[in-house]
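Here is the structure we will look at.
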There are 2 protein chains.
Amino acid sequence: MEPKVISRAVVERLPRYYRYLGELMENKAERVSSGELSEMMHITASQIRQDLNHFGGFGQQGYGYNVEYLYNEIGKILGLNQVHRMIIIGAGHLGQAIANYGNFERRGFRVVGMFDQREELAGTLSPTGVPIYHMDTLEDFVAGHPVSIAVLAIPKAAAVEVARKLVACGVRAFWNFAHTDLDVPPDVVVENVHLSESLMRLSYNMNMNKE
Amino acid sequence: MEPKVISRAVVERLPRYYRYLGELMENKAERVSSGELSEMMHITASQIRQDLNHFGGFGQQGYGYNVEYLYNEIGKILGLNQVHRMIIIGAGHLGQAIANYGNFERRGFRVVGMFDQREELAGTLSPTGVPIYHMDTLEDFVAGHPVSIAVLAIPKAAAVEVARKLVACGVRAFWNFAHTDLDVPPDVVVENVHLSESLMRLSYNMNMNKE
DNA sequence: CCTATATTGACAATTAATTGACAAACTTTT
DNA sequence: AAAAGTTTGTCAATTAATTGTCAATATAGG
C-alpha cells in the first residue's frame, strides 16, 4: 500500500506522538500546532511536521492539526484499528504484569492464553481471567487458534526454543523479553525489550552526568 | 574524565556488545575479531571497531580483542563495577518481576527496598527477601539510606508525583516504567521503558512486513 | 629470523537524520 | 472584504551516523 519506506527513527517516535495526542484528547483539546507539540515533547517543530508528512498531510495552514483526527490516523498507521490475538509464554511475574495491563486490551491487543511449564498453574486463570495452559499444549493451541503475537517472558534458552517452534506453527510476530536475540526468518517480526540493557544504559548515563 | 561525548547510538549498542562478550566468555573463547563479532551480531565490523575505539584501543592488530579484557572494560564503561542501591516503587507484578530477576543483582544492582500503597504488603518480604514498605515511609527511608536508582513501576499519575518527591530527596536516577515522560532537572537521569510504545512498534512492523 | 597472513585503528566517503527557512494557504481580526 | 497573523508542507542546508578502505602492526608458520 505505502511503497515509501519509513525510517526507523520516525517509527520509533510515532507511538510517542500517539501518546501525547491521547493526552490532548483527554484534556478536550480540539487542535494543536507543531509548535505547541514541540514545546510539550521537547523536540523541534520541524521534525514533527516532517515526521507526520511521511504519512500524508494531516494538518492545515493557519490552523494546525485536529487532535482527534491525527490521533486516529496515527492509530491506524500503528495498526491499532485491528485486533491482535496474543499469547504470553511464561506466567511468572513479568507474564502476569503484561496480562494484567488493561491498556493493551483497549488498544486491540487481546491476550487469549498464557503458557507455563509449572503443572500446578495449568487449568487456572490469571487475575484478569486469561486461561493458563501447560507449555506442552502450546503447539496444539496455536494450531487451533489464530495467534498473531507471541510474548516471550521466559529465560533465554527456553525463548530460543519456543520461538523456533512457534515460527514453525506460523506465528509471525514476537515481543521478546528474553535476554537474547532471536534468529528468525525475514518475514517474522521481533520487537525486543532487553531490560538489562536498558538498566546498563541508565548506569552509563549516571556516570556521564557526574563528569 | 572522558571529555569526549559519546553519541547516543554508540551507547545504545554498548550493552549488546557486553552481552555477546559474556556469551563468548561462557563458551571459553579467549579472543574474538571484529569480523567474527560482526557475523554473530549482524552489524558491520567497521562499526564495531569504530564503536570500541571511542573508549580506547582495546584490540591488537593480527590478534583481535581479548574477550575477558574487553568484557571487563565495557563493564567498567557501563558502570557495572560499582554497586547501585536501588528501590522499586510499586510491588505489583512488574515490580516483583524486577525484584526477582537475579541477574541485576549479579551486575551490581542491589534492590534494597520496595514500596507499595497497599497496607497489607507493608512489613512483608518479597520472594527474594526484599523488604516491602508502605509508600508513606518512602521519604523517610531515602533520607536514611543511600539510594542511587529509583524504579518506577506504578501508574503514570503516581509516578510523576513520586519522582518529584524523590528528586527533592536527592535521587538522581530513575528507571521509569510508567507511561509518561518525567520532567526532571538536567542533572537527573531517566531511562524510560515504555512498554506500550514498544508493542505499538511491533504492531506497525507487522503491517509493514505484509506489503 | 623472515615471510605470509590477519586484523586493528584511523580516516575518508557515503548515507541517514535533523534542522532551518520560506512560499503557500489557511484563520482571525478589523 | 481586506489585512494581519498563523502554521503547514517542502526543500535545502546542516549535522550525525555508518560504511569502506588501507597503512601500520601484530601474529603465526616455516
Side-chain angles (χ1 to χ4, degrees), chain A residues 2-17 20-21 24 29-74 77 201 204-205 208, chain B residues 2-17 20-21 24 29-74 77 201 204-205 208:
Chain A
E2 288 276 337
K4 214 185 324 174
V5 170
I6 306 298
S7 79
R8 186 201 53 75
V10 175
V11 175
E12 298 259 297
R13 284 190 291 267
L14 274 188
R16 188 152 178 266
Y17 292 132
Y20 275 85
L21 288 164
L24 282 167
E30 196 185 273
R31 58 189 249 186
V32 69
S33 70
S34 60
E36 288 163 346
L37 263 180
S38 164
E39 206 165 325
M40 291 169 66
M41 299 181 67
H42 301 110
I43 56 182
T44 63
S46 185
Q47 181 166 72
I48 294 171
R49 293 203 298 279
Q50 178 128 304
D51 282 354
L52 297 178
N53 254 87
H54 282 115
F55 302 98
F58 298 132
Q60 206 157 49
Q61 286 103 324
Y63 174 86
Y65 299 87
N66 178 282
V67 172
E68 191 171 352
Y69 173 69
L70 185 55
Y71 179 81
N72 288 327
E73 288 300 311
I74 295 181
I77 292 165
R201 281 192 289 272
Y204 176 88
N205 288 319
M208 288 311 101
Chain B
E2 289 277 336
K4 214 186 326 173
V5 169
I6 306 298
S7 80
R8 185 201 52 77
V10 175
V11 175
E12 298 258 298
R13 283 189 292 267
L14 274 187
R16 189 153 177 263
Y17 292 131
Y20 274 85
L21 288 165
L24 282 166
E30 196 185 274
R31 57 189 252 187
V32 68
S33 70
S34 60
E36 288 164 345
L37 263 180
S38 164
E39 205 165 328
M40 291 171 66
M41 300 181 66
H42 301 110
I43 56 181
T44 64
S46 187
Q47 180 166 73
I48 293 171
R49 292 203 300 277
Q50 179 128 303
D51 282 354
L52 297 179
N53 254 85
H54 282 115
F55 303 98
F58 298 132
Q60 207 156 49
Q61 287 103 324
Y63 174 86
Y65 299 88
N66 179 282
V67 172
E68 191 171 352
Y69 173 69
L70 186 55
Y71 179 82
N72 288 327
E73 287 301 310
I74 295 182
I77 292 164
R201 282 192 287 272
Y204 176 88
N205 288 319
M208 289 311 102

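Convention: sequence-line order gives letters A, B, ...; per-chain numbering from 1.
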Side chain proximity check, [X] to [Y], heavy atoms < 4.5 angstrom:
X: A:Glu73; Y: A:Phe55; result: no
X: A:Asn66; Y: A:Leu70; result: no
X: A:Ile6; Y: B:Tyr204; result: yes
X: B:Met208; Y: A:Val11; result: no
X: A:Ile48; Y: A:Tyr17; result: yes

Atom-to-atom span, [atom1] of [X] to [atom2] of [N] - whole angstrom:
X: B:Asn66; N: C:dT7; atom1: CG; atom2: P; result: 15 Å
X: A:Arg49; N: D:dT10; atom1: CZ; atom2: C1'; result: 10 Å
X: A:Leu52; N: D:dG9; atom1: CG; atom2: P; result: 8 Å
X: A:Gln60; N: D:dG5; atom1: CD; atom2: P; result: 21 Å
X: A:Asp51; N: D:dT10; atom1: CG; atom2: P; result: 14 Å
X: B:Tyr65; N: D:dA26; atom1: OH; atom2: P; result: 15 Å
X: A:Tyr63; N: D:dG9; atom1: OH; atom2: P; result: 13 Å
X: B:Gln61; N: D:dA28; atom1: CD; atom2: P; result: 14 Å

Just the table, please: protein N/O against nucleotides 11-17 of chain C N/O, every pair under 3.5 Å.
| from | atom 1 | to | atom 2 | distance (Å) |
| --- | --- | --- | --- | --- |
| C:dC11 | N4 | B:Gln50 | OE1 | 2.9 |

*A:Arg31 side-chain proximity, nearest of C:dA25, C:dT27, C:dT7*: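 So the nucleotide nearest the side chain must be C:dT27.
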
_So if I take every side-chain heavy atom of B:Ser33 and compare against C:dG9, D:dT27, C:dT8, which nucleotide ends up nearest?_
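Of all the options, the side chain of B:Ser33 is nearest to C:dT8.
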
*Could you state the interatomic distance from CZ (B:Arg16) to CD1 (B:Ile74), rounded to the nearest 0.5 Å?*
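It is 12.5 Å, given to the nearest 0.5 Å.
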
*Counting only N and O atoms by type, is there a donor-acceptor contact under 3.5 Å from the side chain of B:Arg13 to the main-chain atoms of B:Gln47?*
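Flag not set: sc B:Arg13 to bb B:Gln47 has no pair under 3.5 Å.
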
*Do the side-chain N or O atoms of A:Thr44 get closer than 4.0 angstrom to the phosphate oxygens (OP1, OP2) of C:dT18?*
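Indeed not, no polar side-chain atom of A:Thr44 lies that close.
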
*asked:* Check the phosphate of C:dA10 against B:Asn53, side-chain N and O only, distance under 4.0 Å to OP1 or OP2. Yes or no?
replied: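 Answer yes for this pair, as a side-chain N or O of B:Asn53 is under 4.0 Å from OP1 or OP2.
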
